[in-house]
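Here the structure comes first, spelled out in structure tokens, and everything after it is commentary.
What you see is a predicted model; the values in this text were computed from it and never measured. Naming: A, B, ... by sequence-line order, numbering from 1 per chain.
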There are 2 protein chains.
Amino acid sequence: MNCPVRHVLDRFGDKWSVLILIMLDEKGTLRFNALHHTIPDISQKMLTVTLRTLEADGLITRKIYPEIPPRVEYQLTEMGSSLIPYIDGLAKWALQNMPHILRSRDQYNNKVAFN
Amino acid sequence: MNCPVRHVLDRFGDKWSVLILIMLDEKGTLRFNALHHTIPDISQKMLTVTLRTLEADGLITRKIYPEIPPRVEYQLTEMGSSLIPYIDGLAKWALQNMPHILRSRDQYNNKVAFN
DNA sequence: CGGAATCCGCGTAGATACTG
DNA sequence: CAGTATCTACGCGGATTCCG
């Protein structure tokens, strides 16, 4: 039961963590609002919460510039970067297979509906 | 926003789907109760629900033998099997990095607690 | 044996308002 | 600009009971 897959799902199965890592990989360093613009449909609260968790886990860094107005920059750590290829692998798989899945799901639902 | 990663997370971010796929890959064909024994801490309901969804999506097959007592066997489809390597990739990463993550998290929490 | 049906608690996450 | 604080609701998933 201490299967590593459990850990992956417990940690990254949430709605936003992986997405934020992807964006930081794509764009490099990002400020809070810039990050928010790349993921418009996340709430401010969830963005903050998820960023703090990612920071706590050592997957991203949070650099605060003591200016006014304040500036905070987020960036992948080495460990965070090392996860990206595996996520990209999954994304590639999804790109190829998601259409099949959706069609299969529709067929299944129609079949059930007619019984 | 139609990022493939979103699809992956929406579909496999749930608590049990990926785990069931792993088990079916490891053990090959499995009956309902056999599968339940390999994942003891899933409820009967969630096992059923998750299996149905995986079947609907074309990731596993569900073969019913009209016997008494009934027998139902679950098995990966080709598409289901094709996902396994990518999950294994993530698992490998987790095995290497999860300890770091947990230690980092502890340190972070202690730091916060002392402020 | 392999489910279906129902009820319900809890946690995640959204909305809103406020702040250094 | 980059958050915090609070309140709330929705739905996932657990427990239980019953069935062919």
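Remark: A:D41 CG to A:H36 NE2 distance equals 8.5 Å, nearest 0.5 Å. Here the CD1-CG distance, from A:I101 to A:D106, works out to 12.0 Å after rounding to the nearest 0.5 Å. A:N109 CG to A:S104 OG: the interatomic distance, rounded to the nearest 0.5 Å, is 9.5 Å. For the atom pair NZ (B:K45) and OG1 (B:T50), the distance works out to 10.0 Å, reported to the nearest 0.5 Å.
B:L35 has its CG atom 15 Å from the P atom of C:dC1, to the nearest Å. If you take CG of B:D41 and C1' of D:dG13, they are 13 Å apart, rounded to a whole angstrom. Spacing between atom CG of A:D10 and atom P of C:dT12 amounts to 11 Å, rounded to whole angstrom units. The nearest whole Å value for the distance from the NE2 atom in B:H36 to the C1' atom in D:dG14 is 11 Å. For the pair A:I42 CD1 and C:dA15 P, the computed distance is 12 Å after rounding to whole Å. In this structure, NE2 of B:H37 is placed 11 Å from C1' of C:dC1, rounded to the nearest angstrom. Atom CD1 in B:I39 sits roughly 15 Å away from atom C1' in D:dG13 (whole-Å rounding). Rounded to an integer number of Å, the gap from B:K63 NZ to C:dG3 P is 15 Å.
Residue order along DNA chain D, read from the 5' end via each residue's closest nucleotide, puts A:P69 first among A:P69 and B:M46.
Counting heavy atoms from C-beta on, the side chains of A:I64 and A:R62 come closer than 4.5 Å.
Note on the helix from C:dC1-D:dG20 to C:dG20-D:dC1: terminal axis deviation equals 50°, with five pairs used at each end and the result rounded to 10°.
Counted by atom type alone, A:T29 and A:Q75 present one or more donor-acceptor pairs between their side chains at under 3.5 Å.
The number of heavy-atom neighbours closer than 6.0 Å to CD of A:E26, taken from other residues, nucleotides and ligands shown, is above 12. The 12-atom threshold is not exceeded at CD of B:E78, counting heavy atoms of other residues, nucleotides or ligands nearer than 6.0 Å.
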Grab the N/O contacts between the protein and nucleotides 2-4 of chain D below 3.5 Å, and write none if there aren't any.
from	atom 1	to	atom 2	distance (Å)
D:dA2	OP1	A:R31	NE	2.8
D:dA2	OP1	A:R31	NH2	3.1
D:dA2	OP2	A:N33	N	3.0
D:dA2	OP2	A:N33	ND2	3.4
D:dG3	OP1	A:R52	NH2	2.6
D:dG3	OP1	A:R62	NE	3.4
D:dG3	OP1	A:R62	NH2	2.4
D:dG3	OP2	A:Y74	OH	2.6
D:dG3	N7	A:Q44	OE1	3.1
D:dG3	N7	A:Q44	NE2	2.8
D:dG3	O6	A:Q44	OE1	3.3
D:dT4	OP1	A:R52	NH1	2.5

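Under the 30°/60° scheme for interplanar angles, the aromatic rings of A:W93 and B:F12 are found to stand perpendicular.
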